[in-house]
Amino acid sequence: MKSEEIMEICMRRGFIFPSAEIYGGAAGLWDYGPLGTKMKNSWENLWRKHFLRLDPNFYEISTTNILPKPVFEGSGHLESFNDALAECNSCHSRFRADQLIEEKLRISSEGMNLDEIKKIIKEKNLRCPRCGGDLNVKFFNLMFRLELGAGESVKEAYLRPETAQGAYLAFKRAFNILRNKLPIGLAIIGKSFRNEISPRQGFYRLREFHQAELQIFFDPDKMNEHERFDEIRKKKLRIYSIEDRGKETREVKCEDMDLPKFYLYYMSKIQDFYLEILKLPKEMFRFRELDENERAFYNRIHWDFELNIESLGGYKEMGGIHYRTDHDLSGHQRVSKENLMVNINGKKFIPHVLELSFGIDRNLWALLDLGYEKEEERTVLKLPVNVAPYFCAVFPLMRKEELVKKAKELYNIISSEFSTMYDETGSIGKRYRRQDEIGTPYCITIDYDTLENDTVTLRDRDTMKQERVSIKEIIEILNKKLR
RNA sequence: GCGGCUGUAGUGUAGUGGCCAGCACUUGGGCCUUCCAAGCCCACGACCCGGGUUCGAAUCCCGGCAGCCGCACCA
């Protein structure tokens, strides 16, 4: 199995491993090791560089993981981010209570609280569909609950289930600080927490995970305009719409898409991130439109973007681009009683939100999956050059004093510019293979010719070909490869 | 959460009541070596956790934890 082989490398080489492993670990909790942390940092920095530059009024903020209970009344998570589970007392089968009610009684249970659901199941005498046993109804909220403080002053709080809320809560002040302009973008890269009932699929569904999200607040009257739309008008998006189900992914020019220009602009920039920044093969990427059952009720327009991940059995969600309307700000305005309207040239309104949301952990797994190749002679991780934990490695051909000295000198120079590994142990072949396995794109070897003419060999991970280059030019050459 | 299978160095495995718990790869050190996991020597390193049965448990029993598969769940 490919996923096990990748996981084996990840654990052996220090990309990721189970949290609290010496105590047996815990499902859905993973640590990043030395190499995984480098890779994650690189990915996050690429994301920042690409998305924060899209508008001069986009900024990154950093907000807390813990938020007091009323926040989630405003956001709707207390009411909606849970499932009423009906468990049979005799056969212990479990069912979604809301689905049961809808199927059997043909009425919508939306917005019902636990007592109402319990009452209806009792009144209508709903029984276990499997064995006819009694049903016991419980709420499973997917948020982790905490207590702030102690004793009588204790306050109920929750770990955030998405980074987004931090941006909505900070909106009023940030808008003011950033001089009352729309659109305004608030990005958050950080952790989120969901108490998944049963996290499976290894590294794909986690209980504590990382998100990179950008909340763009804008004037809904201007949704069908973007000042730079002309730049992307002819760009083809790879899409898999609701009508395309069962068919192939299509490529459609932005100008031919039946979506608002503001939305299309950011779709196109997301595709750029995967195809131009990370340089992934385009066949691996697509946007997938969600139907009404799949998307949250507040998302007016919702496309996921997916990568084709062999170890997870096909196209998998890497993130989504969500038009959330004014759902969040209005909810917070209603519960907090703060006025969250903006006043632009005398027009007062609650801005609407376009959310670009990325799951970082699963994106990294996708890169490991797409890069993993088992060749006849070697195992190699063909990671994008800009996220590989090490960009290059420096070796003396042999452990001879004069070669080692020269290699260390070169290492000192290069490592100030690039993430660089130095290695002098074992044979040169073994060192190349070691770097292949952790995805280092370039290896530089100092040999006896180096001592004569100041040239080194530069070896390419993917082709294993070497070229002889001058030390004087090495930084410039490497810089070109990184671009 | 339920059912089935499983758990021995970093990895893959051998060991079914008494073994100094064996092997290979990996890792570290040494010799050798002028470019792709060569060879030789040395070293580090494991019975998932807890309880029980037994003179004696990696091995049998119970519980827990974790993994895989199926069911359920996945805003």
Side-chain angles (χ1 to χ4, degrees), chain A residues 1 3-5 7-14 17-29 33 72 75-88 90-100 129-130 136 138 140-143 161-162 164 192 194-202 204-207 290 293-299 302 317 320 322 324 327 357 375-380 395-400 402-403 425-437 443-452 456-461 463-466 468:
Chain A
M1 280 292 290
S3 60
E4 277 133 42
E5 289 169 18
M7 190 52 84
E8 199 246 279
I9 293 182
C10 284
M11 286 171 54
R12 191 157 44 78
R13 294 297 189 181
F17 33 73
S19 286
E21 200 178 2
I22 62 170
Y23 284 99
L29 301 179
F72 300 106
S75 72
H77 282 90
L78 276 174
E79 184 148 315
S80 307
F81 199 61
N82 51 34
D83 294 324
L85 273 194
E87 183 169 346
C88 172
S90 12
C91 74
H92 298 286
S93 300
R94 295 169 139 209
F95 310 91
R96 286 261 303 267
D98 57 334
Q99 286 179 356
L100 215 58
R130 288 252 173 88
N136 180 23
K138 281 184 253 180
F140 275 87
N141 194 290
L142 280 91
M143 290 192 293
E162 56 176 6
S192 295
R194 293 177 193 182
N195 197 6
E196 301 283 355
I197 294 167
S198 141
R200 288 271 179 95
Q201 303 181 76
Y204 184 74
R205 241 171 86 219
L206 309 179
R207 285 190 168 126
L290 273 72
N293 292 329
E294 292 171 306
R295 61 179 196 239
F297 68 92
Y298 50 78
N299 281 337
H302 182 165
E317 175 194 351
H322 313 130
R324 297 176 68 132
H327 169 77
S357 174
E375 298 176 353
E376 208 173 310
E377 289 282 312
R378 61 173 190 160
T379 301
V380 54
F395 312 139
L397 182 59
M398 286 177 303
R399 190 147 33 179
K400 292 286 180 222
E402 59 273 34
L403 295 178
T425 62
S427 69
I428 188 74
K430 181 176 272 189
R431 283 177 259 158
Y432 285 144
R433 296 299 152 82
R434 224 181 246 149
Q435 297 308 315
D436 286 342
E437 200 181 49
C443 292
I444 298 159
T445 301
I446 273 70
D447 58 17
Y448 284 103
D449 289 352
T450 312
L451 303 179
E452 304 285 314
V456 294
T457 60
L458 180 62
R459 180 237 192 211
D460 181 279
R461 175 192 67 197
T463 62
M464 295 198 277
K465 295 247 167 67
Q466 288 180 307
R468 188 124 210 136

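Just so we're on the same page: letters track the sequence lines, and every chain starts at 1.
- The backbone N or O of A:Thr450 lies less than 3.5 Å from a partner atom in the side chain of A:Asp447, making a donor-acceptor pair.
- In this structure, B:C40 forms a base pair with B:G30, meeting either the Watson-Crick or the G-U wobble geometry with both donor-acceptor distances under 3.5 Å.
- Side-chain atoms of A:Lys430 lie closest to B:U26 of the nucleotides B:U11, B:U26, B:C35.
- Using a distance-only test at 3.5 Å, with no hydrogens or angles considered, a donor-acceptor pair links the side chain of A:Arg431 to the main chain of A:Leu397.
- Each of B:G67, B:A37, B:C35 was ranked by its minimum atom distance to the side chain of A:Ala27; first place goes to B:G67.
- Atom CZ in A:Arg399 sits roughly 8 Å away from atom C1' in B:G29 (whole-Å rounding).
- Atoms CG (A:Leu29) and C1' (B:G67) sit 15 Å apart, rounded to a whole Å.
- B:G45 is unpaired under the criterion used here, namely a Watson-Crick or G-U wobble arrangement in which both key atom distances are under 3.5 Å.
- Side-chain N or O atoms of A:Arg459 include none that pairs as donor or acceptor with a backbone N or O of A:Met464 at under 3.5 Å.
- Going from the C1' atom of B:C40 to that of B:C5 covers 44 Å, rounded to whole Å.
- Note: CD (A:Glu437) to P (B:G10) measures 17 Å, nearest angstrom.
- Distance, A:Glu21 CD to B:G67 P: 11 Å, rounded to whole Å.
- When heavy atoms are screened at a 4.0 angstrom cut-off, A:Glu377 is found touching base atoms of the nucleic acid.
- Rounded to whole Å, the distance from CG on A:Leu403 to C1' on B:C35 is 12 Å.
- Rounded to a whole angstrom, the distance from the C1' atom of B:C19 to that of B:U8 is 14 Å.
- Taking the six-membered ring where tryptophan is involved, the planes of A:His327 and A:Tyr298 are essentially parallel, since the angle between them stays under 30° and well short of 60°.
- Nucleotides B:C69 and B:A43 have their C1' atoms positioned 41 Å apart, rounded to a whole Å.
- When both pairing distances are held under 3.5 Å, B:A9 makes no Watson-Crick or G-U pair with any nucleotide shown.
- Neither OP1 nor OP2 of B:U11 sits under 4.0 Å from any side-chain N or O of A:Arg13.
- Taking 4.0 angstrom as the limit, A:Arg12 places none of its side-chain polar atoms (N or O) nearer than this to OP1 or OP2 of B:G10.
- Here the shortest heavy-atom pairing between A:Asn299 and A:Arg295 reads O-NE, 3.1 Å.
- The residue A:Gln466 sits close to a base: some heavy atom pair falls under 4.0 Å.
- Taking every side-chain heavy atom of A:Tyr448 into account, B:U34 is the closest of B:C35, B:A37, B:U34.
- Checked by atom type, the side-chain pair A:Thr425/A:Arg434 shows a donor-acceptor distance below 3.5 Å.
- The two residues A:Ala164 and A:Arg324 come nearest to each other via the heavy atoms CB-NH1, 4.2 Å.
- Proximity note for A:Arg205 (side chain, C-beta onward) versus B:U33, B:C73, B:A37: the nearest is B:C73.
- Regarding A:Arg431, its CZ atom lies at a distance of 12 Å from the P atom of B:U27, rounded to whole Å.
- In the interface, the side chain of A:Arg459 is not paired with the base of B:C35 through any donor and acceptor atom under 3.5 Å apart.
- To the nearest angstrom, C1' of B:C35 lies 14 Å from CZ of A:Arg378.
- In this structure, A:Lys400 and A:Asp460 both approach RNA chain B, and ranking their closest nucleotides by distance from the 5' end singles out A:Lys400.
- Side chain of A:Met398, nearest nucleotide from B:C35, B:C36, B:U33: B:U33.
- Nucleotide B:C2 forms a pair with B:G70, judged by Watson-Crick or G-U wobble geometry with both contacts under 3.5 Å.
- Position along RNA chain B of the nearest nucleotide to A:Ser427 versus A:Arg295 favours A:Ser427 as the more 5'-ward residue.
- A:Arg434 comes within 4.0 angstrom of sugar-phosphate atoms only, judged by non-hydrogen atoms across all strands, and of no base.
- Taking atom CD of A:Glu8 as the reference point, atom P of B:C68 lies 15 Å away to the nearest angstrom.
- The side chain of A:Arg433 sits closest to B:A37 out of B:G29, B:U11, B:A37.
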